[in-house]
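Shown next, in structure tokens, is the structure this report addresses.
For the numbers below, each heavy atom of this structure counts, side chains included, while hydrogens, waters and symmetry mates do not. One is the number of the first residue; the rest follow in order along the sequence.
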Amino acid sequence: AIYLWEDVNLKNASSSQRLTENIAALFYAVLAWFFAFFYHVNPEYLALLSACVLLMRPGLAFLLAHATLCTLAWLVNFAYGIDKSLSSTKALHGKAKFVRLYQEYSPLDPHTVYELALAVSVALLIGLAVWSTVLTLARIRVHERYAVAAPEWTGARSTAD
């Protein structure tokens, strides 16, 4: 929070703030691609992405898309649990209340909800991976050229020798 309050205006942001935002966008891109290719829905995994979002300040549209992704991940797990509970012959125990509420208020087949939410979740994750990759590449700029390495680092002799 202190980092974000230091300077809200990106134009006046220090180079260390810009570097942090760029690294956060890069981490988001890498993790999003990893989660998209090795897909396993757990909303807890998306917490790693959410931490990056807090630092990268991508804009409202990206924030809403990421929030939708997190909500869809929860819906995928919920629909999967309801579907497995209905198809299981075991006692429902703590799930019985959720199953009863779902059957009472939802006309949709839980397996269909699961598959649809899963497909949309993966598509949105890939979309956010592409978006964050583009954002990362757009932010990569060379602000300063690196100074020429000092002779003691290169082993070269200086002209004064």
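Put simply, Val30 and Leu46 are part of two different groups of oily side chains (I, L, V, M, F, W, Y) that touch within less than 4.5 Å, one to the next. In terms of hydrophobic clustering, with Ile, Leu, Val, Met, Phe, Trp and Tyr side chains grouped at heavy-atom distances under 4.5 Å, Leu48 and Leu26 are assigned to different clusters. Note on Ile126 and Phe37: same hydrophobic cluster, where clusters join Ile, Leu, Val, Met, Phe, Trp and Tyr whose side-chain heavy atoms are under 4.5 Å apart, directly or indirectly. Under a hydrophobic clustering in which Ile, Leu, Val, Met, Phe, Trp and Tyr are joined whenever their side-chain heavy atoms come within less than 4.5 Å, directly or via other members, Val122 and Phe34 fall into the same cluster. Note on Leu64 and Val53: separate hydrophobic clusters, where clusters join Ile, Leu, Val, Met, Phe, Trp and Tyr whose side-chain heavy atoms are under 4.5 Å apart, directly or indirectly.
Annotation: Phe62, atom CZ; neighbour count of heavy atoms from other residues, nucleotides and ligands within 6.0 Å is above 12. When the shell of 6.0 Å around CZ of Phe78 is examined, it contains more than 12 heavy atoms from other residues, nucleotides or ligands.
Contacts of Leu124 classified as side-chain contact (heavy atoms from CB on, under 4.5 Å), with partners at least two apart in sequence or in another chain: Ala65, Thr68, Leu69, Leu72, Leu128. Leu108 is linked by a side-chain contact (heavy atoms from CB on, under 4.5 Å) to Tyr102, Ser106, Val113, counting only residues two or more places apart in sequence or in another chain.
Leu49 and Ala32 get closest at one heavy-atom pair: CD2-N, 3.8 Å. Nearest heavy-atom pair across Ala129 and Ser132 is O-OG, 3.1 Å. Nearest heavy atom pair, residue Ser50 against residue Cys70, reads OG-SG, 4.0 Å.
Side-chain contact between Leu135 and Met56 is present, with at least one heavy-atom pair separated by less than 4.5 Å. Counting only heavy atoms from C-beta outward, the side chains of Val130 and Trp33 approach each other to under 4.5 Å.
Aromatic rings of Tyr28 and His66 (six-membered ring for Trp) have centroids within the 6.0 Å cut-off, being under it.
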Exercise. How far apart are the C-alpha atoms of Leu55 and Phe27, what are their side-chain angles, what is the distance that settles it, and do they pass the side chain to side chain contact (heavy atoms under 4.5 Å, CB included) test?
Worked result: CA-CA 11 Å; Leu55 290 175; Phe27 272 68; over 6 Å; no
Problem set entry | Test side chain to side chain contact (heavy atoms under 4.5 Å, CB included) applied to Asp109 and Tyr114, step by step | CA-CA 9 Å; Asp109 175 46; Tyr114 165 70; over 6 Å; no
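Between atom CD1 of residue Ile82 and atom CG of residue Asn77 there is a gap of 11.5 Å, rounded to the nearest 0.5 Å.
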